[in-house]
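Have a look at the structure below before the remarks.
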Amino acid sequence: MKNFLQKIKFDQWKAWIYLSPAIVLLLIFTVWPIFNTLRMAFWNGYGLFKELGGELQFEFGIKNFKWVVGYGGFLDCLKNTMLLTVLTVPLSTILALVIAVSLNAIKPFQRFLQTIFFLPYVTNSIAIGMVFEAMFNIVGFGTSNPSYGIINNILGVFGVDPINWINAGSGYWANIAVLVIYIVWNALPFKILILLGGLQSVNKQYYDAAKIDSTPRLRVFTKITVPLLSPMIAYVVITGFIGGFKEYSSIVGIFGDDMHAVGGESLNTMVGYIYKQLGENHEGDASAAALILFAIIFVVTMINMYVSKKKTHY
Amino acid sequence: MKIVLQNLTKVFPSRNKKSNEEVVAVSDLTFTIPDGKLVGLLGPSGCGKSTTLYMISGLQKPTGGQIFFGEDDVTSLSPENRGVGLVFQNYALYPHMTVKQNILFPLQNLKGADKLDKNTMLERALEAARLVQIDELMDRKPSELSGGQQQRVAIARALVKMPRVLLLDEPLSNLDARLRLQTREEIRRIQRETGITTIFVTHDQEEAMSISDVIVVMKLGVVQQIGKPQTVYDNPVNLFVAKFLGTPPINVFKANVKGGKLYISGEAVLDVPGVCDRDVFAAIRPEGFVPDDNGAMTCSLSSIEVMGRDVSIVSKNEAMLTPTIRSIVDADYKVSASAQSVKFNLKPHKVFIFDSETEERIYFGNQTAPETGI
Ligand SMILES: Nc1ncnc2c1ncn2[C@@H]1O[C@H](COP(=O)(O)OP(=O)(O)O)[C@@H](O)[C@H]1O
Ligand SMILES: [Mg+2]
């Protein structure tokens with residue numbers, strides 16, 4: 001019996017030893033930063049005074065939060081983030097669903113097309129951003145002989161006048177439109193992959209049964225495919241919201257570090273705001289903003305989970 | 001509505017391109033199913049029963065041949081336009097819908113002149129549910145039902161649109177023995193009440209025999225025999241059919257005919273007038289043995305099993321091709337369990353002989369070939 005206990009203990013120690021590299025790394029790079037973020041967020045004015053070089057004692061309080069929320073720039077960032085998320089998540093989910101269903105329906109070239117649709121996933125998002133910039137850009141804007149990007153050229157074929165998407169003086173909604181297209185494009189491959197996987201695991205007999213019952217195509221889609229895919233759809237929506245709230249690199253990719261078109265309204269997002277605060281040695285404000293972002297994501301995810309549990313249960 | 005299958009053939013292309021091994025799932029199937037009958041499609045696993053059913057439903061396209069519903073050639077009609085009800089082997093109930101929604105589903109697809117209003121649909125659904133006695137379970141999901149209940153929902157869903165043809169693919173294979181017995185009676189009752197022409201696929205001969213008006217016995221995609229269950233049982237056309245039908249199974253012997261007599265292990269066991277000398281397989285139904293101390297056929301006794309009304313004598317014989325010889329005799333007959341051997345006389349109409357090469361039936365005495373067709 002005693003031997004047995006010793007053996008267990010020894011086995012446990014072995015387990016701990018095997019786990020220790022991962023645990024140490026997690027402690028250093030995940031647990032400590034989280035703890036530190038909490039600490040900095042509740043140290044009034046942390047960072048600001050540190051820069052001055054003094055060994056100051058910081059008071060605990062919620063001053064950082066008050067400052068962040070009271071500051072107009074943050075609310076703009078919140079608005080931009082929300083707008084982009086609310087526009088892109090449904091759009092990309094629906095598009096991904098349609099593409100996945102179509103991909104699943106065609107037999108020839110399926111592999112090839114899957115690869116094409118998957119390409120954006122393995123391409124750097126900043127690089128894609130730069131390509132998008134080129135597509136929407138107007139070179140020599142304001143001169144007598146401007147050269148339009150491919151999008152304006154295509155619109156031109158349909159008789160639409162060139163639109164100032166991203167150049168100096170471009171409007172907020174034109175900027176947002178470009179961002180939405182970019183983000184949706186970027187988000188598609190992952191969603192298609194997940195949904196296609198789900199589709200391919202759906203029992204084909206449900207479709208045979210639907211055929212026998214003379215079910216119209218659209219009804220098959222809405223009444224059978226979508227409900228059977230609902231767990232995957234829920235997953236894609238939840239991760240989509242989380243990704244949407246962390247949107248940042250797409251804006252840098254197209255509009256650069258400034259995160260706005262020349263002379264245009266700010267397109268900064270929450271994560272952009274946090275980076276900016278860090279860059280200006282406002283660690284306290286950055287931490288407070290990070291916690292606010294976390295709280296928002298947490299609440300939205302909870303709502304998502306609650307809704308999807310009700311909708312996907314079968 | 002009668003169904004006519006004419007030279008129906010289905011060939012599946014080989015799976016990998018290198019080998020040219022096509023699978024002939026169904027070969028040259030021709031038969032007519034009279035209006036309002038229940039037909040049992042019977043055969044071992046992989047003999048092409050499901051494929052036949054799927055071709056009738058339209059889910060699979062025949063490689064050759066034609067299918068008629070009544071006078072209409074439906075061969076190239078899509079399943080949507082055939083108006084059949086199909087119960088899948090594993091039911092294929094929509095898991096996210098309640099029983100009610102599942103049964104309503106086919107009705108909600110009706111278009112144009114057939115379109116029903118909500119109340120009529122509900123009424124029809126309830127009517128179908130009552131027919132299969134699941135009207136208490138309308139708000140449950142399929143996952144909350146037992147196998148037997150799911151099967152009934154599947155039947156209700158197939159029946160609710162009043163199909164011209166009802167197709168059932170091994171509908172009882174997922175049920176336990178007791179439920180299977182009960183449900184097959186119910187299928188029979190429902191079919192009688194609705195009068196819908198029904199095809200019932202099964203690999204269980206007892207199941208097919210017990211509820212079918214007509215059975216179609218298949219082997220490797222080829223029809224062996226078609227007829228009333230009792231006729232097929234009493235008068236099989238070949239060894240395969242004789243072996244496939246009946247519990248306990250028929251006893252098969254290596255035998256030969258000489259001078260109009262059937263010899264098994266050197267004993268002349270039966271007169272077989274009209275058969276020339278040759279090697280044959282002799283098959284004897286368990287109820288074809290009559291124990292008699294002066295009997296013509298001698299077997300070594302293995303055991304005696306008394307099962308209420310009947311006594312089952314298990315014996316052996318060196319010419320037998322089945323593992324044991326099982327005969328069923330009246331309980332009145334007393335055999336001493338300590339005896340070494342047992343002697344039988346044979347009932348001529350329970351003995352079938354088959355060509356040793358082709359395994360086709362050889363008729364003797366007053367035996368005649370069964371009427372083909374239904
Ligand atoms: N989709 C298919 N592709 C290739 N072969 C098939 C396919 N479906 C069935 N088969 C083959 O056809 C034969 C008959 O199958 P099936 O009709 O399902 O038999 P059963 O229902 O009598 O058990 C089998 O040999 C099976 O392997
Ligand atoms: Mg089958």
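In the text below, chain A, chain B and the rest are named by the order of the sequence lines, each starting its count at 1.
In terms of heavy atoms, Tyr206(A) sits closest to Tyr94(B) at O-CE2, 3.7 Å. Scanning all heavy atoms of the two residues, the minimum distance from Met97(B) to Lys223(A) falls at CE-O, 3.6 Å.
The environment of Tyr121(A) atom OH is sparse: at most 12 non-hydrogen atoms of other residues, nucleotides or ligands sit within 6.0 angstrom. More than 12 heavy atoms of other residues, nucleotides or ligands sit less than 6.0 Å from atom CG of Leu19(A). Atom OH of Tyr235(A) sits in a sparse spot, with 12 or fewer heavy atoms from other residues, nucleotides or ligands closer than 6.0 Å. Annotation for Lys204(A): atom NZ counts as buried by contact number, over 12 foreign heavy atoms lying within 6.0 Å. For Lys115(B), the NZ atom sits in a loose shell: 12 or fewer heavy atoms of surrounding residues, nucleotides or ligands are nearer than 6.0 Å. The environment of Glu193(B) atom CD is dense: over 12 non-hydrogen atoms of other residues, nucleotides or ligands sit within 6.0 angstrom. With a 6.0 Å radius and a threshold of 12 heavy atoms from other residues, nucleotides or ligands, Phe12(B) has its CZ atom above the threshold. No more than 12 heavy-atom neighbours from other residues, nucleotides or ligands sit within 6.0 angstrom of NZ on Lys100(B).
For the options Pro106(B), Gly58(B), Gly83(B), heavy-atom pairs under 4.5 Å to chain A are most numerous at Pro106(B). Between chain A and the residues Ala154(B), Pro79(B), Pro142(B), the largest count of heavy-atom pairs under 4.5 Å involves Pro79(B).
Interface residue Tyr54(B): only side-chain heavy atoms are found under 4.5 Å from chain A. Only the side chain of Asn203(A) comes within less than 4.5 Å of a heavy atom in chain B; its backbone stays farther off. Proximity to chain A (any heavy atom under 4.5 Å) is restricted, for Leu93(B), to the backbone atoms N, CA, C and O.
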Inset, instruction - Decide yes or no on side-chain contact (heavy atoms from CB on, under 4.5 Å) for Arg219(A) and Phe105(B), but give the supporting numbers first. - result: CA-CA 10 Å; Arg219(A) 204 168 131 82; Phe105(B) 197 80; 3.2 Å; yes
Inset, instruction - Carefully, step by step, assess Leu86(B) and Lys211(A) under the rule side-chain contact (heavy atoms from CB on, under 4.5 Å). - result: CA-CA 10 Å; Leu86(B) 175 58; Lys211(A) 258 192 222 158; over 6 Å; no
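Interatomic distance, OG1 of Thr215(A) versus CD of Gln108(B), reported as 10.0 Å (0.5 Å rounding).
Side-chain contact between Pro216(A) and Asn109(B): present, with at least one pair of heavy atoms (C-beta onward) separated by less than 4.5 Å. Here the side chains of Lys161(B) and Ile212(A) are in contact, with some heavy-atom distance below 4.5 Å.
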